[in-house]
Participant: 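Take this structure, written in structure tokens, and hold onto it; I'll ask about it next.
Values below: every heavy atom of this structure, side chains too, minus hydrogens, waters and symmetry copies. Since this is a predicted model, take the numbers as computed values, not measurements. Whatever order the structure lists ligands and atoms in, that order sets their numbers, starting from 1.
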Amino acid sequence: MEISLKNQVALITGSSSGIGAGIAKSLSESGATVVINYPFPGAKEQAEAVLDEISGNGGKGIIYQCDVSKEDEVVKMFQDIIRDLGTIDILVNNAGIQKDAKFMEMTLDQWNAVISVNLTGQFLCAREAIKEFLRRGIDPAKSVACGKIIHISSVHEIIPWAGHANYASSKGAIRMLMQTLAQEYGADRIRVNSICPGAIQTPINTTAWDTKEALDSLLTLIPYNRIGQPADIGNLAVFLASDMSDYITGASIFIDGGMTTFESFSTGG
Ligand code: NAD
């Protein structure tokens, strides 16, 4: 069955690379107009390259610079998108960073940096999106829902991760943010869900796959025995953004080649 997101505007934060770029391409292939967000001038070229590929395939979109951890920038981004594209129908809260350190050595700056982008950024964008969804209301020509929010969480929403306390804490918190929003705005027909990727081949985790040894070691954690690709996540995002998933809200969907079946127990523990 073909899924159409025609005439819907989708903002994908942090989409000049990796999973965000993959999601932007997939949503565009389904007909959405995409906003490719990037955080600072140095990422503009990458954002343009993603948009060029989308335009080359007949898709529509714009690029937009905004640091999602800054309230004034997020508020302005939503105002500008609504002014230029009319509204926002789909928010994909994807931007995320890692600043790894052993817990005893983790600085407050490392802690704050990760929480600011991974959690506060998702809060700020979700808040502005919900304001716009409620202002606009349901447009049945586009969707039976008033709006869709997709949080990009992680398997580390439930798997503790030594050396990454800030990152794992941010992803655990996203689960409660997502479920609370789903509960608070369900009656308004706003759907809120999380995608929880396992290991996906992107710049955030290059050291986990850029040598044969690293990749072999990673694959011992993945029953399906391959690393994921941004398009795997893009396919799920399309489904969650569409009316095909209209009865799904408040859900964390794990997409991880079976990582959360805890492969190390496959021989009996
Ligand atoms: P990535 O580094 O390619 O993507 C992260 C993106 O966020 C980049 O484009 C970056 O420019 C952007 N970004 C960083 N700070 C920002 C800010 N302040 N404002 C706006 N954008 C900002 O890595 P990725 O793997 O594509 O990560 C995307 C999301 O997927 C992250 O939330 C990450 O935690 C999550 N994730 C990734 C994996 C994986 O294996 N790759 C697994 C689970 C979850």
Participant: Give the residue and atom name of whichever protein heavy atom lies nearest to atom 34 (O) of ligand 1, and the separation in Å to one decimal.
Facilitator: Tyr167 OH, 2.5 Å

Participant: Between Trp161 and His156, what is the ring plane arrangement, given parallel below 30°, perpendicular above 60°, and tilted in between?
Facilitator: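 The arrangement is parallel - the two ring planes meet at less than 30°.
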
Participant: Of the protein's non-hydrogen atoms, which lies at the shortest distance from atom 19 (N) of ligand 1, and what is that distance?
Facilitator: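 The closest heavy atom on the protein side is Val68 N, 3.0 Å.
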
Participant: Using the rule that two of Ile, Leu, Val, Met, Phe, Trp, Tyr join whenever any of their side-chain heavy atoms come within less than 4.5 Å, decide whether Leu124 and Ile152 are in one cluster.
Facilitator: no

Participant: Show the atoms of ligand 1 that are less than 4.0 angstrom away from any heavy atom in Ala199.
Facilitator: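 Contacts of ligand 1 toward Ala199, numbered from 1: 40 (O).
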
Participant: Find all atoms of ligand 1 within a distance of less than 4.0 Å from any non-hydrogen atom belonging to Ile97, and give their numbers and elements.
Facilitator: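 By the 4.0 Å cutoff, the relevant atoms are 14 (C), 15 (N).
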
Participant: Taking the side chain as every heavy atom from C-beta outward, state whether Ser194 and Arg175 have any atom pair closer than 4.5 Å.
Facilitator: no

Participant: State, without any angle test, whether Asp109 and Thr107 hold a side-chain donor-acceptor pair at a distance under 3.5 Å.
Facilitator: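 No - no donor-acceptor pair under 3.5 Å links their side chains.
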
Participant: Only one of Ile19, Asp256, Thr202, Asp232 forms a side chain to side chain contact (heavy atoms under 4.5 Å, CB included) with Pro197, so which one is it?
Facilitator: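 Testing Pro197 for a side chain to side chain contact (heavy atoms under 4.5 Å, CB included) against Ile19, Asp256, Thr202, Asp232 leaves exactly one candidate, Ile19.
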
Participant: To check your reading of the model: name the closest protein heavy atom to atom 21 (N) of ligand 1, its residue, and the distance in Å.
Facilitator: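 Checking every protein heavy atom, the shortest distance to atom 21 (N) of ligand 1 gives Ala95 CB, 3.4 Å.
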
Participant: Taking only heavy atoms of Ile152, which atoms of ligand 1 are found under 4.0 Å from at least one of them?
Facilitator: 29 (C), 30 (O), 35 (C)

Participant: At a 4.0 Å threshold, what atoms of ligand 1 neighbour a non-hydrogen atom of Gly18?
Facilitator: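 The list of qualifying atoms is 3 (O), 26 (O).
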
Participant: Identify the protein heavy atom lying closest to atom 28 (C) of ligand 1, giving its residue, its atom name and the separation to 0.1 Å.
Facilitator: Asn94 OD1, 3.2 Å

Participant: Taking 4.0 angstrom as the limit and counting only heavy atoms of Asn37, give me the atoms of ligand 1 inside it, by number and element.
Facilitator: 20 (C), 21 (N)

Participant: From the options Asn205, Thr13, Ile204, select the one whose nearest heavy atom is closest to atom 27 (O) of ligand 1.
Facilitator: Ile204

Participant: Tell me the contacting part of Lys171 for ligand 1: side chain, backbone, both, or neither, using a 4.0 Å heavy-atom threshold, strictly below.
Facilitator: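 For Lys171, only side-chain atoms sit under 4.0 Å from ligand 1.
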
Participant: Please give me the minimum heavy-atom distance between Ser28 and Ile54, naming the atom from each residue.
Facilitator: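 So the two residues come closest at OG-CG2, 3.2 Å.
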
Participant: Please list, in number order, the atoms of ligand 1 under 4.0 Å from a heavy atom of Ser16.
Facilitator: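 Ligand 1 atoms under the 4.0 Å threshold to Ser16: 9 (O).
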
Participant: Return a yes/no value for Ile200: is any of its N or O atoms, backbone included, closer than 3.5 angstrom to an N or O of ligand 1?
Facilitator: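 Yes, Ile200 has an N/O under 3.5 Å of an N/O on ligand 1.
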
Participant: Considering heavy atoms of the protein only, find what lies nearest to atom 9 (O) of ligand 1 and give residue, atom and distance to 0.1 Å.
Facilitator: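 Here the closest protein heavy atom is Ser17 OG, 2.8 Å.
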
Participant: Any nitrogen or oxygen of Ile19, main chain or side chain, under 3.5 Å from a nitrogen or oxygen of ligand 1?
Facilitator: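 Yes, there is a polar N/O contact under 3.5 Å.
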
Participant: Assess whether side-chain hydrogen bond (donor to acceptor under 3.5 Å, both in side chains) is satisfied between Asp243 and Ser143, documenting all intermediate values.
Facilitator: CA-CA 6 Å; Asp243 287 351; Ser143 174; 2.7 Å; yes

Participant: Just need the protein heavy atom nearest to atom 13 (N) of ligand 1, so name the residue and atom and give the distance.
Facilitator: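 For atom 13 (N) of ligand 1, the nearest protein heavy atom is Pro39 CG, 3.8 Å.
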
Participant: Do Thr206 and Asp210 meet the criterion of a side-chain donor-acceptor pair at a distance under 3.5 Å?
Facilitator: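 Thr206 vs Asp210: no donor-acceptor pair found between side chains.
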
Participant: For Glu263 and Thr220, which I'm curious about, is there any donor-acceptor pair between the side chains at under 3.5 Å?
Facilitator: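 Distance-only check fails for Glu263 and Thr220.
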
Participant: Under the criterion salt bridge (Lys or Arg N to Asp or Glu O under 4.0 Å), I'd like the reasoning laid out for Lys76 against Glu73: C-alpha separation, chi angles, the key distance, then a yes or no.
Facilitator: CA-CA 5 Å; Lys76 184 167 185 317; Glu73 292 190 28; over 6 Å; no

Participant: Measure Ser153 to ligand 1 on non-hydrogen atoms and call it side chain, backbone, both or neither using the 4.0 Å cut-off.
Facilitator: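 It is the backbone that gets close, since no side chain atom is under 4.0 Å.
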
Participant: When you look at Thr33 and Gln8, which way does the side-chain hydrogen bond (donor to acceptor under 3.5 Å, both in side chains) test go after all the steps?
Facilitator: CA-CA 6 Å; Thr33 298; Gln8 298 194 50; over 6 Å; no

Participant: Ala43: heavy atom below 4.0 Å from ligand 1, yes or no?
Facilitator: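 Judged by the 4.0 Å heavy-atom criterion, Ala43 does not count as contacting ligand 1.
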
Participant: Taking atom 7 (O) of ligand 1 as the point of reference, which of Gly96, Gly228, Cys125, Ala113 owns the nearest heavy atom?
Facilitator: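 Result: the heavy atom closest to atom 7 (O) of ligand 1 is in Gly96.
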
Participant: Are more than 12 heavy atoms, taken from residues, nucleotides or ligands other than Lys60, located less than 6.0 Å from that residue's NZ atom?
Facilitator: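 Open.
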
Participant: Hey, which atoms in ligand 1 end up nearer than 4.0 Å to a heavy atom of Gly198?
Facilitator: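 Those qualifying, in numeric order: 38 (C), 39 (C), 40 (O), 42 (C), 43 (C).
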
Participant: Evaluating non-hydrogen atoms only, which member of Val117, Val114, Ile255, Thr202 is closest to atom 25 (O) of ligand 1?
Facilitator: Thr202

Participant: Suppose I only count heavy atoms of Cys66 and a 4.0 Å limit; which atoms of ligand 1 are within that range?
Facilitator: 19 (N), 20 (C)

Participant: Return yes when Phe40 approaches ligand 1 closer than 4.0 angstrom through a heavy atom, no otherwise.
Facilitator: no

Participant: Which protein heavy atom lies closest to atom 18 (N) of ligand 1, and at what distance to 0.1 Å?
Facilitator: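 That would be Asp67 OD1, 2.8 Å.
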
Participant: Specify the protein heavy atom at minimum distance from atom 12 (C) of ligand 1: its residue, its atom name, and the distance to 0.1 Å.
Facilitator: Gly14 CA, 3.6 Å

Participant: Is there a donor-acceptor contact under 3.5 Å linking the side chains of Tyr64 and Asp80?
Facilitator: yes

Participant: Between Lys171 and Glu157 (salt bridge meaning N to carboxylate O under 4.0 Å), is one present in this structure?
Facilitator: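 Salt bridge absent between Lys171 and Glu157.
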
Participant: Begin with the C-alpha distance, continue with both residues' side-chain angles, and end with the deciding distance and a verdict on salt bridge (Lys or Arg N to Asp or Glu O under 4.0 Å) for Asp89 and Lys148.
Facilitator: CA-CA 7 Å; Asp89 304 279; Lys148 283 87 55 160; over 6 Å; no

